S.K.: 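Have a look at this one.
None of the values given here were measured: they were computed from a predicted structure. Note: hydrogens, waters and symmetry copies are ignored here, and every other heavy atom, side chains too, is used.
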Amino acid sequence: MKTRLVQNGIFTLVDDVTAALTPPSQGFYWIDAGIEDLELLQPLFHLHDLAVEDCLSEEEQRPKIEFYDSHYFIVINSIRFDDEEIFLRALNLFLSKHVIITVTRQKINELRALKPFLWEEEVNSADRFLYHLVDLVVDNYVAVGDRIEAKIEKLEEDILMATKKSHLNEIIGLRSEILWLKKVLVPQRDVIGTLGKKELRLIDHQLQKYFGDIYENAVKIVDTFDTLRDLMGNLREAYQSSLANRANDIMRVFTALTTIFMPLTFITGVFGMNFDNILGLHLTPHGDEIVLAFMGVLGIAMYVLFRKKEWL
């Protein structure tokens with residue numbers, strides 16, 4: 001757990017967390033904590049039992065915002081995409097007038113990327129810290145959406161070039177993750193909408209307009225993932241069509257080969273019968289060579305004909 005006094009975007013480490021109980025003359029305190037630190041923080045800052053219980057729960061928490069007497073409890077999900085799997089990590093926030101507590105189980109990239117923004121914008125209040133953090137989280141969803149769309153396009157090209165069985169597993173896996181992600185995006189959009197529209201005593205009224213801008217981006221993200229879900233359906237249809245076309249091509253080749261060999265089989269069948277009275281059998285001492293040559297010419301002629309008609 002780290003406790004920082006933030007004044008105009010400048011961080012000062014504080015050794016004793018109890019210092020955050022007293023409002024600073026300027027700025028606010030940011031307490032970056034882990035799950036195990038809640039045992040100490042709950043009685044100090046009077047964190048609500050239900051909120052702490054949600055943080056401690058092993059079950060996946062949906063994004064939400066809850067209002068208590070001295071603080072708000074907010075849950076949002078950070079996203080990460082490693083080209084194979086989508087990861088969501090819960091970011092639990094306790095917001096009061098002069099303190100913001102972030103509680104996480106794993107490292108959250110947005111928290112590390114936030115510091116330069118706070119310094120550049122000279123952030124001096126906990127609600128503005130919350131704004132920049134939520135903005136970074138939403139921007140990452142936009143970036144992940146772009147990467148997923150690029151992966152879908154690449155997968156479509158690969159399917160059209162050479163369909164493989166592994167493509168179906170990729171399609172099913174990616175589609176299921178997009179559907180799972182959709183269940184998170186809608187409540188997270190609603191949480192951001194609440195921060196931007198509802199009158200909240202711990203968030204400056206002017207700042208809520210900026211939350212409204214983030215909300216518009218969150219709405220676009222929901223629409224984007226709706227589109228990605230539809231694209232995955234189209235991709236599966238393309239995969240099935242490609243397989244059907246491939247099967248048709250194989251059957252067409254087999255049919256052409258069978259057709260070519262049918263007259264050849266007939267000729268060999270006739271001249272291979274076990275009796276001596278066959279027309280032309282003893283006409284020339286080179287009869288077998290003539291028959292073989294005729295069969296070869298016939299096969300080549302049929303192949304050329306099929307190629308000319310684009311049946312092969």
S.K.: Thinking salt bridges, do Lys64 and Glu66 make one under a 4.0 Å N-O criterion?
M.R.: yes
S.K.: Testing the basics here: between Val99 and Ala20, what is the closest heavy-atom pair and its distance to 0.1 Å?
M.R.: CG2-O, 3.5 Å
S.K.: Does the side chain of Leu5 reach to within under 4.5 Å of the side chain of Leu13, using non-hydrogen atoms?
M.R.: no
S.K.: Side chains of Leu133 and Leu91, heavy atoms from C-beta outward: is any pair under 4.5 Å?
M.R.: yes
S.K.: For Phe73 and Cys55, work out which heavy atoms get closest and say how close.
M.R.: CE1-SG, 3.6 Å
S.K.: Report the C-alpha distance between Asn92 and Asp54 in whole Å, list the side-chain angles of each, state the deciding distance to 0.1 Å, and finish with yes or no for side chain to side chain contact (heavy atoms under 4.5 Å, CB included).
M.R.: CA-CA 9 Å; Asn92 305 293; Asp54 285 340; 5.8 Å; no
S.K.: Would you compute the distance between atom CD1 of Ile101 and atom CH2 of Trp30 and round it to the nearest 0.5 angstrom?
M.R.: 12.5 Å
S.K.: Give a yes/no verdict on a cation-pi contact between Arg147 and Phe81, requiring under 6.0 Å between NZ or CZ and the six-membered ring centre and an angle within 45° of the axis.
M.R.: no
S.K.: For Ile192 versus Ala218, what's the shortest heavy-atom pair and its separation?
M.R.: CD1-CB, 4.0 Å
S.K.: Determine the minimum heavy-atom distance between Ser57 and Arg105, stating which atoms define it.
M.R.: O-NH2, 3.2 Å
S.K.: For Asp223, is there an ion pair with Lys220 - N to carboxylate O distance below 4.0 angstrom?
M.R.: no
S.K.: CG/Leu136 to CZ/Arg112 distance, rounded to the nearest 0.5 angstrom?
M.R.: 12.5 Å
S.K.: Flag yes if Val191 and Ile108 sit in one hydrophobic cluster, no otherwise; membership is Ile, Leu, Val, Met, Phe, Trp, Tyr, and two members link when side-chain heavy atoms are under 4.5 Å apart.
M.R.: yes
S.K.: Is there a donor-acceptor contact under 3.5 Å linking the side chains of Asn124 and Gln7?
M.R.: no
S.K.: Under a plain distance cut-off of 3.5 Å, with no hydrogens placed, do Gln208 and Tyr210 share a side-chain donor-acceptor pair?
M.R.: no
S.K.: Gln42 vs Asp49, test: side-chain hydrogen bond (donor to acceptor under 3.5 Å, both in side chains). Steps then yes/no.
M.R.: CA-CA 8 Å; Gln42 182 179 9; Asp49 292 341; 2.5 Å; yes
S.K.: Check whether any side-chain N or O of Asp230 sits under 3.5 Å from a backbone N or O of Thr227 as a donor-acceptor pair, and report yes or no.
M.R.: no
S.K.: Would you call Leu88 and Ser78 a side-chain contact if the rule is heavy atoms closer than 4.5 Å?
M.R.: no
S.K.: Quick check: Tyr68 with His48 (ring centres under 6.0 Å apart)?
M.R.: yes
S.K.: Could you grab the distance from atom CZ of Arg229 to atom CD1 of Ile148, nearest 0.5 Å is fine?
M.R.: 13.5 Å
S.K.: If only atom types and distance count, is the side chain of Gln188 paired as donor or acceptor with the main-chain N or O of Asn77 below 3.5 Å?
M.R.: yes
S.K.: Lys2 vs Phe11, test: side chain to side chain contact (heavy atoms under 4.5 Å, CB included). Steps then yes/no.
M.R.: CA-CA 11 Å; Lys2 291 184 178 179; Phe11 294 84; over 6 Å; no
S.K.: Is there a side chain to side chain contact (heavy atoms under 4.5 Å, CB included) between Asn140 and Arg80 once you walk through the steps?
M.R.: CA-CA 8 Å; Asn140 273 348; Arg80 185 168 64 87; over 6 Å; no
S.K.: Do Leu231 and Leu155 belong to the same hydrophobic cluster, where Ile, Leu, Val, Met, Phe, Trp and Tyr are linked whenever their side-chain heavy atoms lie under 4.5 Å apart, directly or via other members?
M.R.: yes
S.K.: When you look at Phe211 and Ile203, which way does the side chain to side chain contact (heavy atoms under 4.5 Å, CB included) test go after all the steps?
M.R.: CA-CA 10 Å; Phe211 276 110; Ile203 296 179; 4.0 Å; yes
S.K.: Applying the 4.5 Å side-chain criterion to the ILVMFWY set and letting contacts propagate, would Val75 and Leu93 be lumped into a single cluster?
M.R.: no
S.K.: Group every Ile, Leu, Val, Met, Phe, Trp and Tyr by side-chain heavy-atom contacts under 4.5 Å, then state whether Ile10 and Leu118 land in the same group.
M.R.: no
S.K.: Can you tell me how far apart CG (Asp69) and OG (Ser96) are? Round to the nearest 0.5 Å.
M.R.: 13.0 Å
S.K.: Quick check for you: to the nearest 0.5 Å, what is the distance between Phe225 atom CZ and Ile178 atom CD1?
M.R.: 7.0 Å
S.K.: A side-chain contact here means heavy atoms from C-beta on lying under 4.5 Å apart; do Asp127 and Leu202 qualify?
M.R.: no
S.K.: Do you know the tightest heavy-atom contact between Asp37 and Met1?
M.R.: OD2-CB, 3.2 Å
S.K.: Roughly how far apart are Arg189 CZ and Glu216 CD, rounded to 0.5 Å?
M.R.: 13.0 Å
S.K.: Are Arg4 and Asp32 close enough that some pair of their side-chain heavy atoms sits under 4.5 Å apart?
M.R.: yes
S.K.: Does the side chain of Phe45 come within less than 4.5 Å of His71's, by heavy atoms?
M.R.: no
S.K.: What's the shortest heavy-atom distance between Ala113 and Phe117, and which atoms?
M.R.: O-CD1, 3.3 Å
S.K.: Does Leu181 reach the side chain of Ile86, with side-chain heavy atoms less than 4.5 Å apart?
M.R.: yes
S.K.: Can you tell me if Trp119 has over 12 outside heavy atoms packed within less than 6.0 Å of its CH2?
M.R.: no
S.K.: Is a side-chain donor or acceptor of Arg89 paired with a backbone partner of Lys107 at a separation under 3.5 angstrom?
M.R.: yes
S.K.: Within a strict 4.5 Å, meaning less than it, do heavy atoms of the Phe129 and Thr102 side chains meet?
M.R.: yes
S.K.: Hydrophobic clustering (ILVMFWY, side-chain heavy atoms < 4.5 Å, transitive) - are Ile76 and Tyr215 grouped together?
M.R.: yes
S.K.: Which residue, Val103, Ile100, Leu41, forms the side chain to side chain contact (heavy atoms under 4.5 Å, CB included) with Phe94?
M.R.: Val103
